[in-house]
Amino acid sequence: MSARTLYDKLWDTHVVRSDADGTVLIYIDRHLVHEVTSPQAFEGLRLAGRKPWRVDTILATPDHNVPTVGRDKGIADPIARLQVETLDQNCAEFGITEFKMNDLRQGIVHVISPEEGATLPGMTVVCGDSHTSTHGAFGALAHGIGTSEVEHVLATQCLLQKKSKNMRITVDGKVGAGMTAKDIVLAIIGEIGTAGGTGYAIEFAGEAIRDLSMEGRMTVCNMAIEAGARAGMVAVDDKTIDYIRGRPYAPTGEMWERAVVAWRELYSDANTRFDREVRIDAAAIRLQVTWGTSPEMVVPVDDVVPDPRQESDPVRREGIERALAYMGLEAGTPITAIQPDKVFIGSCTNGRIEDLRAAADVVRGRRVAASIRQALVVPGSGLVKQQAEQEGLDRIFVEAGFEWREPGCSMCLAMNADRLEPGERCASTSNRNFEGRQGPGGRTHLVSPAMAAAAAVTGHFVDVRQMKQE
Amino acid sequence: MEKFSIIDGVVVPLDRANVDTDAIIPKQFLKSIQRSGFGPNLFDEWRYLDSGEPGMDNSSRPLNPDFVLNQPRYQGAQILLARDNFGCGSSREHAPWALLDYGFRVIIAPSFADIFYNNCFKNGILPVVFDTEVVEQLFKDVAAQPGYRLKVDLEAQTVTTPDGTGYPFSVDASRKHCLLNGLDDIGLTLQHADEIRVYERRRREQAPWLFMDVNP
């Protein structure tokens, strides 16, 4: 067989049938479900008198709407409560495994599935959420789908797809000290733009990607969608296999041995041709802070807010002007002069244990600056929260003046009570800085956990590496 | 899903790139468990001067007169003219539901985000991709002629301007078939249930760990 990319291999093993026009029915191995994008799909099933094809592939949890405080009192917002109760009822009715709000294993769907070993290499993974690309870190084909497709997967275990093109982004060499996965992926998006990956499946490769932990690779793949690609992925290596071994849903015994043999094949063959290749010099990547209303509007922390007059394309220039007006920023302002009002550490991008450790390292022995109105730490799952508490991270945060919350999506998209007020500025470890994303009128600056922690304790953006020397 | 054949409708221009699904339908409206009723909150933060919440009487809210959807000349529009990377961000199908509920059946742009593009077809909305130069010309024409309309013919795969200029567009044969006939693709897929079962039997032999129950 001719040389194939990782994406080609994953695609080929999941083809059920192909149509003449290139529409392919692909088989889905894991279906993750949450409360926001599933109620209409379940209702559709009921109206058509259909049943889920394979309930044993589905894992459900409420994450978008759940409160991060006072859970013993239930959900105060009646509309949010109805949506979470609807998920509970649908899972009970159809026999679907659900980690309910007060289950220790509950959390952001993209954090809990890897944590449980429910995301395995070689799988197709879908969820009615665009950040499903996260699971590609395991050498899986994973992407977000709409609610009609959620219903389609429930009813048929398959999805109608057209194959994407192949793109490889190689981050060559080693990143400098203090650079994180978030800085790498923001630098990539700054380079190729938010539509740079549209129509492609992106494989992230190169020494700097291989050097990342599984948590770091998840952060990078998570934001593939912010570069326009539905799916991002990383080849399987020892780190992948070591991460999965012993997790609750991972295979065991002889089946584990067989699986590992198969997983070892999940890489792009040598000399494979990609439709597009991008190479990035790891050593040139600096600490990243977004200044605008799109993740591609990003600069290094030691840079300044860009000047729209230097942009020749009129649509782009207008975009920059609009973003500056929305963000309340002047061209030429040093990034380090920008002062957030709130800090949010969490989300499916940066809500895992390694992220909390990185933030705690910066916070330890310091206090949240007086100018910060609220600093939140929202673990990605109940198990991440438990692990962090066992390591004493919660005390470091609380003693510094952070609030230590229950797991969920929280202020990443502000569907629950955690949100920005109009005009408020936030240093956020989440994935989108769109207008109103964290609350109507809210202003988001995307950064890594260490950079968010540094902004919290100094009251402005700062090169976290300089802080560590102080 | 409503059949799509020919739409002859007023065009409204939304002159900004990277319009994301958070802008199309803000998150506070995603708490609904229905598929309909999102139209009044389409582009909520741009369209109204106050801050929108579910359950408000939208007819009494202050409109932003500068927002294009609120201008009298574009009332009743069925065709949205947009810029690059329309529909980026979240996979929320509430975005096409809101556009459809408002009355849009066609969106014309130089490029769309993948998931949004896909979601449109599932809901009877036709996304049409034209070269940037064509889109630029259409923006100029819409601005110059109040009441500007386009005729979109899916069968013929053409968009025709008032002066009779026809622009051909491409669309996948299977998507076109479903849209023209208003077909539910789940029913079509289930016609291949035997092939799915054959695949499962083969795959179970090759990779039995993919058939372990999450609820043993």
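Within every chain, numbering begins at 1; the chains are lettered A, B, ... in the order of the sequence lines, protein sequences first and strands thereafter.
Heavy atoms closer than 4.5 Å to chain A are found in both the backbone and the side chain of B/Asp172. Of the atoms belonging to A/Val16, heavy atoms from both backbone and side chain fall under 4.5 Å from chain B. Proximity to chain B (any heavy atom under 4.5 Å) is restricted, for A/Ala250, to the backbone atoms N, CA, C and O. Contacts between A/His14 and chain B at a heavy-atom distance below 4.5 Å involve backbone atoms as well as side-chain atoms. For A/Ala80, the parts lying under 4.5 angstrom from a heavy atom of chain B are both the backbone and the side chain. There is no contact between B/Asp44 and chain A, counting heavy-atom distances below 4.5 Å. For a residue to count as touching a neighbouring chain, one of its non-hydrogen atoms must lie under 4.5 Å from one of that chain's; by this rule A/Arg316 does not touch chain B. Residue contact with chain B, scored on non-hydrogen atoms closer than 4.5 Å, involves the backbone and the side chain of A/Thr147 alike. Only the side chain of A/Leu25 comes within less than 4.5 Å of a heavy atom of chain B; its backbone N, CA, C and O stay farther away. With a 4.5 angstrom heavy-atom cutoff, A/Gln40 touches chain B via backbone and side-chain atoms both. Residue A/Val15 touches chain B through its backbone alone, counting heavy-atom pairs closer than 4.5 Å. The contact between B/Phe112 and chain A is made entirely by backbone atoms, counting heavy-atom distances below 4.5 Å. If you measure heavy-atom distances from A/Gln438 to chain B, the contacts under 4.5 Å come from the backbone alone. Looking at B/Asp84, neither its backbone nor its side chain comes within 4.5 Å of chain A, counting heavy atoms on both sides. The contact between B/Glu200 and chain A is made entirely by side chain atoms (from C-beta outward), counting heavy-atom distances below 4.5 Å. With a 4.5 angstrom heavy-atom cutoff, A/Arg432 touches chain B only via side-chain atoms. With a threshold of 4.5 angstrom between heavy atoms, A/Thr23 approaches chain B through side-chain atoms but not through N, CA, C or O.
Between chain A and the residues B/Pro26, B/Ala193, B/Ala23, the most heavy-atom pairs under 4.5 angstrom are made by B/Ala193. Of the listed residues (A/Asp129, A/Asn416, A/Ile225), the one with the most heavy-atom contacts under 4.5 Å to chain B is A/Asp129.
The NE2 atom of A/His64 sits 11.5 Å away from the NZ atom of B/Lys27 when rounded to the nearest 0.5 Å. Atoms OG and CZ, from B/Ser90 and A/Phe434 in turn, are 8.5 Å apart once rounded to the nearest 0.5 Å.
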Go through it in stages, so that I can follow the logic: the residues are B/Arg197 and A/Trp53, the test is side-chain contact (heavy atoms from CB on, under 4.5 Å), and I'd like the CA-CA distance, side-chain angles, deciding distance and then a yes or no. CA-CA 10 Å; B/Arg197 290 193 190 94; A/Trp53 183 280; 3.9 Å; yes
Assess whether side-chain contact (heavy atoms from CB on, under 4.5 Å) is satisfied between B/Ile115 and A/Arg230, documenting all intermediate values. CA-CA 7 Å; B/Ile115 302 178; A/Arg230 295 179 72 176; 3.5 Å; yes
Quick one, B/Arg35 with A/Glu151, criterion salt bridge (charged side-chain N to carboxylate O under 4.0 Å, His left out). Give me CA distance, side-chain angles, the key distance, then yes/no. CA-CA 13 Å; B/Arg35 267 177 196 265; A/Glu151 186 180 339; 3.2 Å; yes
Quick one, A/Arg437 with B/Asp22, criterion salt bridge (charged side-chain N to carboxylate O under 4.0 Å, His left out). Give me CA distance, side-chain angles, the key distance, then yes/no. CA-CA 7 Å; A/Arg437 171 77 179 181; B/Asp22 280 78; 3.1 Å; yes
Show your reasoning for whether salt bridge (charged side-chain N to carboxylate O under 4.0 Å, His left out) applies to A/Arg50 and B/Asp184. CA-CA 13 Å; A/Arg50 291 172 177 141; B/Asp184 158 12; 3.3 Å; yes
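The two residues B/Tyr199 and A/Thr13 come nearest to each other via the heavy atoms OH-O, 2.7 Å. B/Glu45 and A/Gly436 get closest at one heavy-atom pair: OE1-CA, 3.6 Å. Here the closest heavy-atom approach between residue A/Tyr249 and residue B/Met212 is recorded as O-CE, 3.2 Å.
Proximity of A/Gln83 to B/Ser32: side-chain heavy atoms (C-beta onward) are nowhere separated by under 4.5 Å. In this structure, the side chains of B/Asp185 and A/Glu149 stay at 4.5 Å or more apart for every pair of heavy atoms. Between A/Arg258 and B/Trp209, the closest side-chain pair of non-hydrogen atoms falls below 4.5 Å. Contact check for B/Leu30 versus A/Thr37: no side-chain heavy atoms found under the 4.5 Å cut-off. The closest side-chain heavy-atom distance from B/Asp114 to A/His143 is not below 4.5 Å. Counting heavy atoms from C-beta on, the side chains of A/Val36 and B/Arg92 never come closer than 4.5 Å. Proximity of A/Ile145 to B/Ser91: side-chain heavy atoms (C-beta onward) are nowhere separated by under 4.5 Å.
In summary, B/Arg16 and A/Glu321 do not engage in a salt bridge, as defined by a charged side-chain N under 4.0 Å from a carboxylate O.
Between the A/Asp21 side chain and the B/Ser174 main chain, a donor and an acceptor come within less than 3.5 Å of each other. B/Lys31 contributes a side-chain N or O that, together with a main-chain N or O of A/Met415, makes up a donor-acceptor pair within less than 3.5 Å.
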